[in-house]
Number of protein chains: 2
Amino acid sequence: MSKVNTQMIDEERAKFLRYLTKAGRRVSHGREIVFDQVMRAHGHFTAEELARGCLEKKLKVSRPTVYRVLYDLLEAGVIRETAFGDKHRHFEHVYDEKPHHHAQCIRCHRFIEFPDRKEDEVYHPYLEKQGFKILGHEMHFYGVCRKCQDKEGL
Amino acid sequence: MSKVNTQMIDEERAKFLRYLTKAGRRVSHGREIVFDQVMRAHGHFTAEELARGCLEKKLKVSRPTVYRVLYDLLEAGVIRETAFGDKHRHFEHVYDEKPHHHAQCIRCHRFIEFPDRKEDEVYHPYLEKQGFKILGHEMHFYGVCRKCQDKEGL
DNA sequence: TTCCTAAATGATACACTATCTCATATGTCA
DNA sequence: TGACATATGAGATAGTGTATCATTTAGGAA
Ligand SMILES: [Zn+2]
Ligand SMILES: [Zn+2]
Ligand SMILES: [Zn+2]
Ligand SMILES: [Zn+2]
């Protein structure tokens, strides 16, 4: 773990605590466990993956609580939800991830990731004119990956 | 129903038949029913909504078949999947809806829609080089809408 | 510290979406 | 028409996420 990473995690933790305090909510056992697991997660993860991980590690937290805390973290701005359009809810932390986009195979659901390009900014003027404060964006391609094409002889 | 609409549906049907023929698949009863229902749908719809509709109308098609045909239509390019990040799979037909993207407010979850721009194609070469067969894409912006900014004094 | 109260939690059941299996039906082509 | 591959339906099943509610716990007051 690099120093930068640790420092960023502390900042995220502070952000989370600030949010909880401001909202009159408690710094509970479950929230600390889930926050910790989220920070250890690499790349994107689904609620279910995180919940399963907690259960497998025998952490003292239940599945409903994992889901509840994920929504807390979402509101606190610690994680964001990526809109993949499949039946799972995907999240990733906000710190330490370079902006990137996703292409997902509709057959096997695997992802290809690719860095974002500034051409995306072509949409900014329109949104700003509407008074929309842009926090981020994601491009999502869907299609069929090479493997699945080979498999199905398309 | 306008004449243009009817004509476009015929074109979509032709596209679907072309796809089926080319892929060595059959023009079956179920595929015709589901195609018809999809063309009657307005705006975005989920697989389950369409399936439920078919069952309620007592059409001679089962739920698994509705799902199967939706994937056919997706690959044929008759419908596209929109990535809303909730737990349902959303679709919309390609004809008569201009390709558009969404900006969603993280506070109130409302959408702003805006037309897509060909600058998005900057990502095509990279994906094609990987053998990824692109069926569609969506840009998803997230941020805070004007109303919510006013409300929260951001 | 101890007590009090509201918030948080866990166990469990549940709702819902989507998919799998496999026996049967159906369309294509010879 | 007969043969064969594809498509389908019924039902079971997997998987994700939520509701309920009795119990526990955090955090402030005394
Ligand atoms: Zn990612
Ligand atoms: Zn694939
Ligand atoms: Zn808003
Ligand atoms: Zn739309």
Side-chain angles (χ1 to χ4, degrees), chain A residues 16-17 19-35 37 44-76 79 81-91 104-109 148 152-154, chain B residues 16-17 19-35 37 44-76 79 81-91:
Chain A
F16 189 32
L17 298 186
Y19 162 79
L20 289 175
T21 304
K22 192 174 169 186
R25 319 186 66 181
R26 295 176 183 168
V27 181
S28 68
H29 195 60
R31 291 202 171 106
E32 288 183 352
I33 292 177
V34 176
F35 174 86
Q37 290 303 305
H44 25 86
F45 55 91
T46 68
E48 199 58 27
E49 283 165 4
L50 203 78
R52 208 159 37 230
C54 289
L55 296 183
E56 284 167 3
K57 292 171 193 162
K58 305 218 187 297
L59 301 177
K60 290 278 174 288
V61 67
S62 68
R63 205 156 63 96
T65 294
V66 171
Y67 276 82
R68 285 187 281 236
V69 179
L70 282 175
Y71 290 117
D72 292 338
L73 291 170
L74 203 54
E75 281 194 41
I79 59 177
E81 186 163 6
T82 57
F84 288 148
D86 73 4
K87 68 184 167 181
H88 311 297
R89 309 198 67 157
H90 287 256
F91 306 93
Q104 187 175 27
C105 175
I106 62 168
R107 294 293 171 217
C108 64
H109 303 117
C148 288
E152 300 173 19
L154 278 176
Chain B
F16 188 32
L17 298 187
Y19 162 80
L20 290 175
T21 303
K22 191 174 169 186
R25 319 185 65 180
R26 293 174 184 168
V27 181
S28 67
H29 196 60
R31 292 202 172 107
E32 287 182 352
I33 292 177
V34 177
F35 174 87
Q37 290 304 304
H44 318 128
F45 57 90
T46 67
E48 198 59 25
E49 283 164 3
L50 202 80
R52 209 160 35 231
C54 289
L55 296 181
E56 283 166 5
K57 291 172 194 162
K58 305 218 187 296
L59 300 177
K60 290 276 175 289
V61 67
S62 67
R63 207 154 59 94
T65 294
V66 171
Y67 276 82
R68 284 186 282 237
V69 178
L70 282 175
Y71 290 117
D72 291 339
L73 292 170
L74 202 54
E75 282 196 37
I79 60 178
E81 185 163 6
T82 59
F84 284 151
D86 72 4
K87 66 184 170 182
H88 310 297
R89 309 198 65 158
H90 288 256
F91 305 93

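Lettering follows sequence order; numbering is per chain, from 1. Computed from a predicted model, the values in this text were never measured in an experiment. Any value given below was found using the heavy atoms of this structure, including those in side chains, with hydrogens, waters and symmetry copies removed.
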message: Testing L50(B), T46(B), T65(B) one by one against L70(B) for a side-chain contact (heavy atoms from CB on, under 4.5 Å), which residue passes?
response: L50(B)
message: Do V27(A) and F35(A) make a side-chain contact, defined as non-hydrogen atoms from C-beta onward lying under 4.5 Å apart?
response: no
Interatomic distance where CD1 belongs to I33(B) and P belongs to dA7(D) [whole Å]: 15 Å
- request: Return the angle between end axes of the helix from dT1(C)-dA30(D) to dA30(C)-dT1(D), with five pairs used per end and rounding to 10°.
  value: 30°
field: Nearest-0.5 Å distance that lies between atom NZ in K22(A) and atom CG in L20(A)
entry: 12.5 Å
message: With a 4.0 Å limit, can you tell me whether Y71(B) has a side-chain N or O closer than that to the phosphate oxygens OP1/OP2 of dT19(C)?
response: yes
field: Smallest separation among heavy atoms of R31(A) and R26(A), with atom names
entry: NH1-O, 2.6 Å
field: Rounded distance in Å - CZ (F45(B)) to P (dA18(C))
entry: 12 Å
- prompt: Heavy atoms, side chains only, cut-off 4.5 Å: are D72(B) and R25(B) in contact?
  reply: yes
- line: Picking from dG11(D), dT21(C), dG17(D), the nucleotide nearest the side-chain atoms of P64(B) would be dG11(D)
message: I want to check one thing: is the phosphate of dT19(C), taken as OP1 and OP2, less than 4.0 Å away from some side-chain N or O of Y67(B)?
response: no
- prompt: Expressed in angstrom and rounded to an integer, what is the separation of R31(A) atom CZ from dA8(C) atom C1'?
  reply: 7 Å
- prompt: Which of these nucleotides, dT21(C), dT9(C), dA18(C), is closest to any side-chain atom of R68(B)?
  reply: dT21(C)
query: Given dG10(C), is OP1 or OP2 found less than 4.0 Å from the side-chain N or O atoms of T65(A)?
result: yes
message: Output one letter per nucleotide in nucleotides 25-30 of chain C: B when a protein non-hydrogen atom lies under 4.0 Å from the base, S when only the sugar-phosphate is that close, - when neither is.
response: -BBS--
- line: Rounded to the nearest 0.5 angstrom, the CZ-CD1 distance for F45(B) and I79(B) is 5.0 Å
- prompt: How far does NZ of K60(A) sit from CD of E32(A), to the nearest 0.5 angstrom?
  reply: 15.5 Å
Shortest non-hydrogen contact between C54(A) and V61(A), atoms and distance: CB-CG1, 3.7 Å
- prompt: Which of residues 51-59 of chain A have a heavy atom under 4.0 Å from DNA chain D?
  reply: R52(A)
query: In Å and rounded to the nearest 0.5 Å, what is the CD to CD distance from Q37(B) to E49(B)?
result: 13.0 Å
- prompt: Do R63(A) and R52(A) have side chains that get closer than 4.5 Å, going by heavy atoms?
  reply: no
task: Whole angstrom is fine here: how far is it from CG in D72(B) over to P in dT6(D)?
output: 14 Å
message: What is the separation between atom CZ on R63(A) and atom C1' on dA19(D), rounded to the nearest whole Å?
response: 13 Å
message: Rounded to whole Å, please give me the gap between CG in L73(B) and P in dA7(D).
response: 13 Å
